[in-house]
Amino acid sequence: MRGSFGEAVARADRAGRLVVQPRLGFSDPAEMRAALLAVKQAAASTVGTITLDSFTRVGDDAAARRAIVSRSALNGYPIVAHPLETTRRFLLDGVLDVDFPVQVRHGSAAPAAIFAVLAELGLWASEGGPVSYCLPYSRRPLADSIAEWATTTERFAEASGGGRLAHLETFGGCMLGQLCPPSLLVALSVLEALFFRQHGIVSVSLSYAQQTNRAQDVEAVRALRRLAGELLGPDDWHVVIYTYMGLFPRTAMGAAAVLRDSVRLARATGSARLIVKTAAEAHRIPQVWQNIVALELAAEEAAQTPPPEPVTEDDSETYVEARALVDSVLDLDQRVGRALRLAFARGLLDVPYCLHPDNANRARGIIGDDGRLRWSDVGAMRVPAAGRTVGTLSSSGLLQALEWTARRYDQLDARGGRGQVRAGGDGPVPVT
């Protein structure tokens, strides 16, 4: 059971295989176990996921225990409320091994109790971050989230052999899922990875969520990889791509096209892991079999997509913006946590449309006619003028922007496509 998540992903990457991973969470240990076994046995290179329930995320373990006693279904696995032996014997035994590590996904701005249980169970992979699991999900003060994440991360690293086994994934590259220009996603992902490293975690992954323009996404992930190499060094990190996290296409064809494009993004940028979404996302919580279909479709697409050609690093618009944002934060303090707190207090980091009290909420993003996400207002952030555009979003324009990707991919049905797309700089093109 004591395998390293980072090492398992690295082995697959060296063999040329993209690791694909679902979102899964069930409150019953037997049901959660069956789901993990289905993922393990899928025709793909997979790792497991245990997604926690809403009560556990906010620390209401008493409510989670009442649900267990009453046999009420929850929207995830209540890992703190279940006895440790129940999770060991009836969920993990015979499932978790060095070739099939399991990551726990939780969404908590106050994760101390969760991480203490993970250490007891020998589950050494999780994700989140002091910013990315506070601003969009919680009204907890950012300073409190940063402080708890610092002590929790240090304890987790120490419990795992001084950070030898622990792996943490940043969620900063997925802030709000959409309408956040890529340079801020890249900057936050790098800053949270630096925060983890500063608090003892050796092995990290940096997230990036697929956005609205394929060419811009490739540019962004290359910028992320370049910044990670410059600031983290060459070892023990990888990039994880998230299939589009905003409003999802309603048609099966559109959903498959988004997923295939996210696979191509991962392959084109040398990313090692992909979090998939299913054709059910626009309608309901997906069932296990729908996750398996998505995993195997992604694996099939990855096998048919050639590895990336060598690229010459250039100072792309996204890299220049992201580097400026990162530098403006790191200039504030040697301790990354304190620098993050000061940056948000001064508006040097500002997440568009995020209503958390500690976020300035002056910045705005806008989707151009070419599908690229640009800044229409940067607030106090030190973003170069070249990365800005003219325009504002009305309330109706905001709703249209939120539906932009779903509508664009669903149009494949109207155009008579067959559910596959060929590479295009600005979006899906039906194969006829």
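Computed from a predicted model, the values in this text were never measured in an experiment.
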T318 vs S316, side-chain hydrogen bond (donor to acceptor under 3.5 Å, both in side chains): CA-CA, chis, key distance, verdict: CA-CA 5 Å; T318 304; S316 67; 4.8 Å; no
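- Under the 30°/60° scheme for interplanar angles, the aromatic rings of W149 and F115 are found to stand perpendicular.
- For the atom pair CG (L325) and CG (L330), the distance works out to 11.0 Å, reported to the nearest 0.5 Å.
- Side-chain N or O atoms of D350 include one that pairs as donor or acceptor with a backbone N or O of N361 at under 3.5 Å.
- A salt bridge links D97 with K40; the closest basic N to acidic carboxylate O contact falls under 4.0 Å.
- Rounding to the nearest 0.5 angstrom, the gap separating the CG atom in L36 from the CZ atom in F26 is 9.5 Å.
- Side chain of S145 to main chain of P130: a donor-acceptor pair is present (N/O by atom type, distance under 3.5 Å, no hydrogens or angles).
- Between the CD atom of Q211 and the CG atom of L265 there is a distance of 10.0 Å, given to the nearest 0.5 Å.
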Checking side chain to side chain contact (heavy atoms under 4.5 Å, CB included) for the pair I275/T243: CA distance, chi angles, key distance, verdict? CA-CA 6 Å; I275 309 291; T243 301; over 6 Å; no
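- Between the side chain of N291 and the backbone N or O of V39, no donor-acceptor pair lies under 3.5 Å.
- Taking the side chain as every heavy atom from C-beta outward, T51 and R57 approach each other to under 4.5 Å.
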Run E192 and S132 through side chain to side chain contact (heavy atoms under 4.5 Å, CB included) and show every step you take. CA-CA 8 Å; E192 287 194 328; S132 58; 2.9 Å; yes
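- There is a side-chain donor-acceptor pair under 3.5 Å between S183 and E321.
- Counting heavy-atom neighbours within 6.0 Å of R407 CZ, excluding the residue itself, gives a total above 12.
- Looking only at side-chain heavy atoms (C-beta outward), L191 and L349 come within less than 4.5 Å of each other.
- Distance check, rounded to the nearest 0.5 Å: CG of L92 to OG1 of T87 gives 6.5 Å.
- Closest approach of G270 to P308, counting heavy atoms only: N-CG, 4.0 Å.
- Side-chain contact between D358 and C134 is absent, with no heavy-atom pair separated by less than 4.5 Å.
- At a threshold of 4.5 Å between non-hydrogen side-chain atoms, the residues L373 and P182 count as touching.
- Across every non-hydrogen atom of G365 and P352, the tightest pair is N-CB, 4.1 Å.
- With hydrogens and angles ignored, the 3.5 Å screen pairs a side-chain donor or acceptor of S126 with a backbone N or O of V104.
- Here the OH atom belonging to Y137 is positioned 11.5 Å from the OG atom belonging to S108, to the nearest 0.5 angstrom.
- Ion pairing between a basic and an acidic side chain is recognised when a charged N comes within 4.0 Å of a carboxylate O; E317 and R374 show such pairing.
- Remark: the S205 side chain and the H167 side chain contain an N/O donor-acceptor pair separated by less than 3.5 Å.
- Using cut-offs of 30° and 60° for the angle between ring planes, the H106 and Y133 rings count as perpendicular.
- In plain terms, the two heavy atoms of S262 and Q210 that are nearest each other are CB-OE1, 3.3 Å.
- Of the charged side-chain nitrogens involved, at least one lies within less than 4.0 Å of a carboxylate oxygen, so that E169 and R105 count as a salt-bridged pair.
- Other residues, nucleotides and ligands place more than 12 heavy atoms under 6.0 Å from the CG atom of L84.
- In summary, D261 and R264 engage in a salt bridge, as defined by a charged side-chain N under 4.0 Å from a carboxylate O.
- With sequence neighbours left out, the ring-ring contact (aromatic ring centres under 6.0 Å, His included) criterion links H356 to no other residue.
- For A322 against L227, the heavy-atom pair with the smallest separation is CB-CD1, 3.7 Å.
- The neighbour count for E230 CD, taken as heavy atoms of other residues, nucleotides or ligands under 6.0 Å away, is above 12.
- At least one donor-acceptor pair under 3.5 Å links the side chain of R23 to the backbone N or O of V276.
- Smallest separation of non-hydrogen atoms from L188 and G172: CB-O, 3.7 Å.
- Heavy-atom minimum distance, A272 versus V9: CB-CG1, 3.7 Å.
- For CZ of R250, the number of neighbouring non-hydrogen atoms (other residues, nucleotides, ligands) closer than 6.0 Å is 12 at most.
- Relative orientation of the H199 and F195 rings is tilted, given thresholds of 30° and 60° on the angle between their planes.
- Between E219 and the choices R226, R372, R225, the salt bridge (Lys or Arg N to Asp or Glu O under 4.0 Å) rule is met once, by R372.
- T56 contributes no side-chain N or O that, together with a main-chain N or O of P78, makes up a donor-acceptor pair within less than 3.5 Å.
- Inspection of the T405 and T212 side chains reveals no N or O donor paired with an N or O acceptor under 3.5 Å.
- Between D99 and R11 a salt bridge is recorded (basic side-chain N to carboxylate O distance below 4.0 Å).
- Taken to the nearest 0.5 Å, the CG atom of L121 stands 9.0 Å off from the CG atom of L91.
- You'll find the side chain of T305 stays beyond 4.5 Å of the side chain of R260, heavy atoms only.
- At a threshold of 4.5 Å between non-hydrogen side-chain atoms, the residues F344 and N359 count as touching.
- Considering only heavy atoms from C-beta on, F156 stays 4.5 Å or farther from F196 through its side chain.
- At distances below 3.5 Å, at least one donor-acceptor pair connects side-chain atoms of E148 with backbone N or O atoms of A112.
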Are R197 and L232 close enough, and set up right, to give a side chain to side chain contact (heavy atoms under 4.5 Å, CB included), and what steps lead you there? CA-CA 8 Å; R197 280 277 179 91; L232 296 173; 3.7 Å; yes
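- Evaluated for a side-chain contact (heavy atoms from CB on, under 4.5 Å) with S203, the options L165, D236, D235, L168 yield exactly one hit, D236.
- For the pair E301 and L297, the minimum side-chain heavy-atom distance is 4.5 Å or more.
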